[in-house]
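Basis for what follows: all heavy atoms, side chains included, without hydrogens, waters or symmetry-related copies.
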Amino acid sequence: MLQTPRRARQAATLSLVFGAVLLAGAATGAWGDPSAPPHRPSADAAPAAAAGVAAGQDPAGAALSEQQAEHLIGANGDRWGAYYSAQEYAEFSQGLDGRYLGVGLSVGRGQDGVTEVSQVQPAGPAAEAGIAAGDRLLRVGPDQADHLPVTEVVARLRGREGERRIGSEVTLAVQRGDGGIREVQLRRALLDSQQVAVEHLDKGVLRITVRAFTSGVAEQVRAAVRGPHTGVVLDLRGNSGGLVDEAAGTAGVFLDGGPVGSYQERGGTRELTAPPGGDQRSPLVVLVDGGTMSAAELLTGALQDRSRAVVVGGRTFGKGTVQQPSRLADGAVLELTVGRYYTPAGRSPEGTGLTPDVPASGSEDAGELALRVLAGLGTRT
């Protein structure tokens, strides 16, 4: 299925929001309260005029069609700019708040082309219907799942326009092993996106996996670190970014105050600082890869610049830009890039990413490498 540039950008951005099924998508780069766009970036005069907005006019409050908004984004050469309908942005905001509308399952497709359930959220509609990881997903509604792109399967699980509401229904056909085909009818619900996973490994090592920085993530990480442990592996592989305040708050879990980074805001610079009192004693390894993006790169760069952690894995994605949203007259939202963010040492990951201190070779298990590096750092006493 071909995508327009606008749809490609949205698919990247909304990968964070809709259930963490395709985590290779790009970061949101959202800053501040997503439910009510707080800032109104100015458009350059020439692109604004080309899009049907008076030269020098702020697009906020203007009435732009989707095509005009796409023209404005293209004229600016804005790789991460995006246009959202009011409904899409409401769902986007919901996702950044740590929630999403869905049925509580993730899907994947193997090399054999079979669509399978890869994860089921406890207590969600899918789990209550008895669906389990490893079940084959045969149909979504009347259509065979294997004949649809995975992105379309995800979209249909979420619901098409007009179906995206709590209590709306979707019918699935699933099969477990060589057993019979079972048809289940699920009602969509508002679910927690569960972006933090905590594992207690051998020798007191704590592995904290953060998939995206939605509301409440920093406090979840802080709560995990309060428990007994000898060292921490902070796994940011595939982390698609999110709210900068949550990333800065997570940095503060491991820092005793001080700088986390900075970014442009209304022509000025906003300095991000960590709250005091973080854990500076525990050995810390940050695990990254090419899917570590945006706010996750800001966190990685802060811990690396301040010599608080050893960064292990692969070069990060390289998204170091800030987007600010503007509400249009019809409730739609135009999000445009307004500048870059920088680590405490003044580095921007934009276009280049961040280089790990200990790179993993192509054949090396990065997770095992992280544990070996952590062991070399000693243990908390």
Any side-chain heavy-atom pair from L298 and Y342 closer than 4.5 angstrom? no
Are a donor atom and an acceptor atom from the side chains of E350 and T352 found within less than 3.5 Å of each other? no
Please answer whether the main-chain N or O of L72 pairs with a side-chain N or O of Q68 as donor and acceptor at a distance below 3.5 Å. no
CD/E70 to CG/L334 distance, rounded to the nearest 0.5 angstrom? 10.0 Å
Using modelled atom types only, decide if a donor and an acceptor are shared between the side chain of D135 and the backbone of R176 within a distance under 3.5 Å. no
Will you find, in the side chains of Q185 and E169, an N or O donor that is under 3.5 Å from an N or O acceptor? yes
Is it true that R270 and D245 have a side-chain N and a carboxylate O under 4.0 angstrom from each other? yes
How far apart are the closest heavy atoms of P275 and R222, and which atoms are they? CG-NH2, 4.1 Å
For residues V311 and L303, determine if any side-chain heavy atom of one lies less than 4.5 Å from a side-chain heavy atom of the other. no
Please test L336 against I73 for side chain to side chain contact (heavy atoms under 4.5 Å, CB included), starting from the C-alpha separation and ending with a verdict. CA-CA 7 Å; L336 298 176; I73 293 167; 3.9 Å; yes
Do D289 and F317 touch side chain to side chain, with heavy atoms closer than 4.5 Å? no
Once you round to the nearest 0.5 Å, how far does CG of L157 lie from CG of L101? 11.0 Å
Check for me, please, whether L137 and V103 land in the same ILVMFWY cluster - side-chain distances under 4.5 Å, paths through other members count. yes
Short question: side chain of D256, backbone of G277 - any donor-acceptor pair under 3.5 Å? yes
Flag yes if L236 and V233 sit in one hydrophobic cluster, no otherwise; membership is Ile, Leu, Val, Met, Phe, Trp, Tyr, and two members link when side-chain heavy atoms are under 4.5 Å apart. no
Verify same cluster id: L354, V358 (apolar side-chain graph, 4.5 Å): no
In this structure, CZ of R156 is separated from CZ of R139 (nearest 0.5 Å) by 13.0 Å
Do D146 and T115 have side-chain atoms, one donor and one acceptor, less than 3.5 Å apart? yes
Tell me whether H200 contacts the main-chain N or O of V198 through its side chain, where contact means a donor paired with an acceptor under 3.5 Å. no
Is there side-chain contact between S118 and R109, with at least one heavy-atom pair below 4.5 Å? no
Evaluate R188 against I166 for side chain to side chain contact (heavy atoms under 4.5 Å, CB included), listing each step before the verdict. CA-CA 5 Å; R188 298 179 179 92; I166 295 173; over 6 Å; no
Is it true that Q195 and T214 share a donor-acceptor pair across their side chains at a distance under 3.5 Å? no
So do the side chains of I208 and V196 get within less than 4.5 Å of each other, counting heavy atoms only? yes
Closest heavy-atom pair, R327 versus V333, reported as atoms and distance to 0.1 Å, is NH1-CG2, 3.4 Å
NZ of K203 to CG of L374: how many Å apart, nearest 0.5 Å? 10.5 Å
Could you tell me whether a side-chain N or O of E297 sits under 3.5 Å from a main-chain N or O of K319, the two making a donor and an acceptor? yes
For the side chain of D78 and the backbone of T337, is there at least one donor-acceptor N/O pair under 3.5 Å apart? yes
Treat each ILVMFWY residue as a node, draw an edge where side-chain heavy atoms are under 4.5 Å apart, and state whether V120 and V140 are in one component. yes
CD-NE2 distance between E152 and H147, expressed to the nearest 0.5 angstrom: 14.5 Å
Test R372 against E364 for salt bridge (charged side-chain N to carboxylate O under 4.0 Å, His left out), laying out the working first. CA-CA 12 Å; R372 292 199 301 273; E364 194 168 20; 2.7 Å; yes
Exceeds 12 heavy-atom contacts within 6.0 angstrom, atom CG of D112: yes
On a heavy-atom basis, which atom in G320 and which in S348 lie closest, and how many Å separate them? O-OG, 4.1 Å
Donor-acceptor pair, distance only, cut-off 3.5 Å: does the side chain of E246 make one with the backbone of A218? yes
Do V288 and V232 belong to the same hydrophobic cluster, where Ile, Leu, Val, Met, Phe, Trp and Tyr are linked whenever their side-chain heavy atoms lie under 4.5 Å apart, directly or via other members? yes
Side-chain heavy atoms of V310 within contact of P283, under 4.5 Å: no
Worked verdict on F213 versus T250 for side chain to side chain contact (heavy atoms under 4.5 Å, CB included): CA-CA 9 Å; F213 289 101; T250 302; 3.6 Å; yes
Check whether the side chains of S168 and E163 place a donor and an acceptor atom closer than 3.5 Å, and report yes or no. no
Could you report the tightest heavy-atom contact between R182 and A129, atom names first, then the distance? NH1-O, 2.9 Å
Is Q304 close to D357 at the side-chain level, that is, under 4.5 Å between some pair of heavy atoms? yes
Separation between CZ of R211 and OG of S240, rounded to the nearest 0.5 Å: 11.0 Å
Donor-acceptor pair, R207 side chain versus L201 backbone, under 3.5 Å? no
Take V210 and D235 through the test side chain to side chain contact (heavy atoms under 4.5 Å, CB included) and record every step on the way to the result. CA-CA 6 Å; V210 182; D235 192 344; over 6 Å; no
Checking the side chain of Y341 only, and the main-chain atoms of S294 only, is there a donor and an acceptor separated by less than 3.5 Å? yes
Looking only at heavy atoms, the pair that brings G252 and A274 closest together is CA-CB, 3.6 Å
So do L369 and L287 actually touch side chain to side chain, heavy atoms under 4.5 Å? no
Whether the side chain of T292 engages the backbone of A296 through a donor-acceptor N/O pair (distance < 3.5 Å, no angle test) should be reported. no
If I compare all heavy atoms of L186 with all of L172, which pair ends up nearest, and what's the gap? CD1-CD1, 3.7 Å
